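Here is the structure we will look at.
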Amino acid sequence: MHGITIDQAMVSVPESPPQPLRAAILAWYDAHARRLPWRVSPAARAAGSRADPYRVWLSEVMLQQTTVAHATPYFVAFSRRWPTVEALAAADEAELMAAWAGLGYYARARNLIACARKVAGQLGGVFPDQEADLRALPGVGGYTAAAITAIAFDQPANVLDANIERVVARLFAVEAPLPAAKAELAQLAQGLVGPERPGDWAQALMDLGALVCTPAAPACERCPAAGACRARRLGPETYPRRSPKAARPRRHGAAFLLLNEDEVALVRRPPKGLLGGMLALPTSEWRARPWADAEAVAEAPAAADWRAAGEIDHVFTHFALTLRVFRAEGDWPEAIWTPLAGLEAMPSVFLKAARVGLLAQPQLL
DNA sequence: CATCCGTGGAA
DNA sequence: TTTCCAAGGAT
């Protein structure tokens, strides 16, 4: 195939649309597209099937900064339990937050229900088909609005996710580091978008990035764009360049596992901020300096015979946390008493701490 | 533009 | 073990 030439690639945006390159990538997608629960296959789309905007939106929100493998079971559970935007709008908020537990970035769940209520209540249950209107919905940013426009409505949009950033950075050997290079990558990606099959085009580039043009050890020999790729001879795995990341500090805290019969005392975290709105174990403050046991127990939510019951490490986006776990039996009227089976409604960090604390006393399992 | 916001699989 | 990073958004 003859893709774009070096001369074309040297300018910021190719003068003419690289149609053979697009055709090669779409043909690759027809043969190798991933089959995903929220996706209409290229064959089905060619036969006239259209994606359900609700399912496209739900999947896109779940996939924000989240791997397909991690998000998929959540998508299956959510779409079965709340099959329409009206159903999701009517969901009990605590149940929705519990169902989201473990998926992370919990502001997404808060925005999810806010968005569903806006669409169901003010927009007649119909998702907007214009990018600017989608962009105005809670939790829908530039990427997600473009993705819904392309995938659900099959309208041209400049979809730029981490996969496409990587593909474009390699195709044009972009030397500027992310995240500053994002505008340049967006311009280059826009130059590739054509009028044909906008939804398949976006998903083709994402699948190409996920299956072939991978972060490490890209399979260039299987790439339909290899002939046009400037980075292929320059070390494709070194693109995109990235600015150095800030070091991740460590914080220390104590978590308290208060048991009463076979129930655990939980709290609801404040509605915003880290793990906002989620069920949680009561904890001390999380600070830079480690806690001595006696000092930590003074922070416990109720007076009891607290015993050290282990320690966990957990990594958040911008800090690492060491959590010492203390366990006791007792009462605490203000608690949200929850049976052991209900602990999975908590974010992973607390589930991890609860498991450590319970395993220190196996008869409670 | 910088910071905050989760999680877990892979290397 | 550490490091990277994934279908980003809000402020």
Side-chain angles (χ1 to χ4, degrees), chain A residues 34 36-39 51 55-75 97 100-112 114-115 134-152 157-167 177-183 186 189 199 201-211 213-217 237-238 240 242-251 269-278 280 312-321 346-352:
Chain A
R34 288 178 290 180
L36 301 169
W38 50 84
R39 175 179 282 181
R55 293 167 63 86
V56 173
W57 162 73
L58 179 61
S59 67
E60 289 301 339
V61 173
M62 287 184 167
L63 288 161
Q64 289 165 4
Q65 291 288 287
T66 306
T67 59
V68 167
H70 193 189
T72 294
Y74 287 85
F75 175 84
M97 300 301 284
W100 195 275
L103 197 51
Y105 285 139
Y106 298 97
R108 292 185 295 172
R110 303 193 297 268
N111 285 327
L112 193 78
C115 181
L134 288 162
R135 181 69 180 77
L137 296 172
V140 178
Y143 162 75
T144 304
I148 296 172
T149 300
I151 297 170
N158 192 19
V159 180
L160 189 68
D161 75 324
N163 286 303
I164 301 178
E165 284 179 356
R166 184 171 60 254
V167 170
L178 283 172
K182 186 163 175 129
W201 172 251
Q203 294 175 101
L205 284 186
M206 290 192 272
D207 279 19
L208 190 63
L211 300 175
C213 194
T214 48
E237 68 283 351
T238 65
R242 292 183 191 276
S243 300
K245 294 181 172 65
R248 191 166 11 224
R250 179 164 294 275
R251 297 182 189 170
R269 290 179 61 88
K272 293 186 176 182
L274 186 70
L275 311 171
M278 299 299 290
I312 62 122
D313 285 308
H314 192 79
V315 179
F316 293 99
T317 305
H318 57 293
F319 67 95
L321 176 68
M346 296 190 299
S348 296
V349 60
F350 299 116
L351 189 55
K352 200 187 293 187

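Reminder, nothing fancy here: chain letters follow the sequence lines and each chain counts from 1. Predicted model only: the values in this text are computed from it and were never measured.
Among the protein residues, A:V140 comes within range of the sugar-phosphate backbone only, with heavy atoms under 4.0 Å from sugar or phosphate atoms but none that close to a base. The residue A:A147 sits apart from the nucleic acid: no heavy atom pair falls under 4.0 Å. At the heavy-atom level, A:G276 lies nowhere under 4.0 Å from the strands shown. Within the 4.0 angstrom heavy-atom criterion, no nucleotide atom of any strand lies near A:P179. Within the 4.0 angstrom heavy-atom criterion, base atoms lie near A:R39. When heavy atoms are screened at a 4.0 angstrom cut-off, A:L103 is found touching base atoms of the nucleic acid. If you check every strand for non-hydrogen atoms under 4.0 Å, A:L112 touches nothing. Among the protein residues, A:T144 comes within range of the sugar-phosphate backbone only, with heavy atoms under 4.0 Å from sugar or phosphate atoms but none that close to a base. Using a 4.0 Å heavy-atom criterion, one finds that A:G142 contacts the sugar-phosphate atoms exclusively. Residue A:R166 is in sugar-phosphate contact alone, with no base atom involved, counting any heavy-atom pair closer than 4.0 Å across all strands shown. Counting any heavy atom pair closer than 4.0 Å across all strands shown, A:V159 reaches no nucleic acid atom. The residue A:W38 sits close to a base: some heavy atom pair falls under 4.0 Å.
The residue among A:G139 and A:P215 whose nearest nucleotide of DNA chain C is located toward the 5' end is A:P215. Heavy-atom distances to DNA chain B give each of A:F316 and A:A180 a nearest nucleotide, and the one nearer the 5′ end belongs to A:A180.
The nearest whole Å value for the distance from the CZ atom in A:R248 to the C1' atom in B:dT3 is 14 Å. For the pair A:I312 CD1 and B:dG6 P, the computed distance is 15 Å after rounding to whole Å. We find that CZ of A:F319 is positioned 13 Å from C1' of B:dT7, with the value rounded to whole Å. Spacing between atom NE2 of A:H314 and atom C1' of B:dT7 amounts to 6 Å, rounded to whole angstrom units. For A:R110 and B:dC5, the CZ to C1' distance is 9 Å, given to the nearest whole Å. Nucleotide B:dT7 holds its P atom 8 Å from the NZ atom of A:K352, rounded to whole Å. As rounded to whole Å, 13 Å separates atom P of B:dG6 from atom OH of A:Y74.
C:dG9 and B:dG8 are spaced 22 Å apart, taking the P atom of each and rounding to whole Å. Taking atom P in both B:dT3 and C:dA7, one finds a spacing of 24 Å when rounded to whole Å.
Annotation: ring-ring contact (aromatic ring centres under 6.0 Å, His included) contacts of A:Y143 (sequence neighbours excluded): none. Residues that satisfy the salt bridge (Lys or Arg N to Asp or Glu O under 4.0 Å) test with A:R250, not counting sequence neighbours, are A:D313. Residues satisfying the ring-ring contact (aromatic ring centres under 6.0 Å, His included) criterion with A:Y105, sequence neighbours excluded, are absent altogether. Considering only residues two or more places apart in sequence or on other chains, A:T66 meets the side-chain hydrogen bond (donor to acceptor under 3.5 Å, both in side chains) condition with A:R108.
A distance below 6.0 Å separates the ring centres of A:F316 and A:H314.
Listed for the A:S59 side chain is a donor-acceptor partner under 3.5 Å among the backbone atoms of A:V56. A:R55 places no side-chain N or O within donor-acceptor distance of the main-chain N or O of A:F75, the cut-off being under 3.5 Å. Not a single donor-acceptor pair under 3.5 Å links the side chain of A:R166 to the backbone N or O of A:P240. The backbone N or O of A:G276 lies less than 3.5 Å from a partner atom in the side chain of A:R110, making a donor-acceptor pair.
For the pair A:V140 and A:E60, the minimum side-chain heavy-atom distance is 4.5 Å or more.
Atom CG of residue A:L321 and atom CD1 of residue A:I312 lie 6.0 Å apart, to the nearest 0.5 angstrom.
Side-chain N/O atoms of A:S348 include none lying less than 4.0 angstrom from OP1 or OP2 on B:dG6.
In the 5' to 3' direction, nucleotides of DNA chain C lying under 4.0 Å from heavy atoms of chain A begin and end at C:dC5 to C:dA10.
Applying a 4.0 Å cut-off to non-hydrogen atoms, the residues of residues 63-73 of chain A that approach DNA chain B are A:Q65, A:T66, A:H70, listed by residue number.
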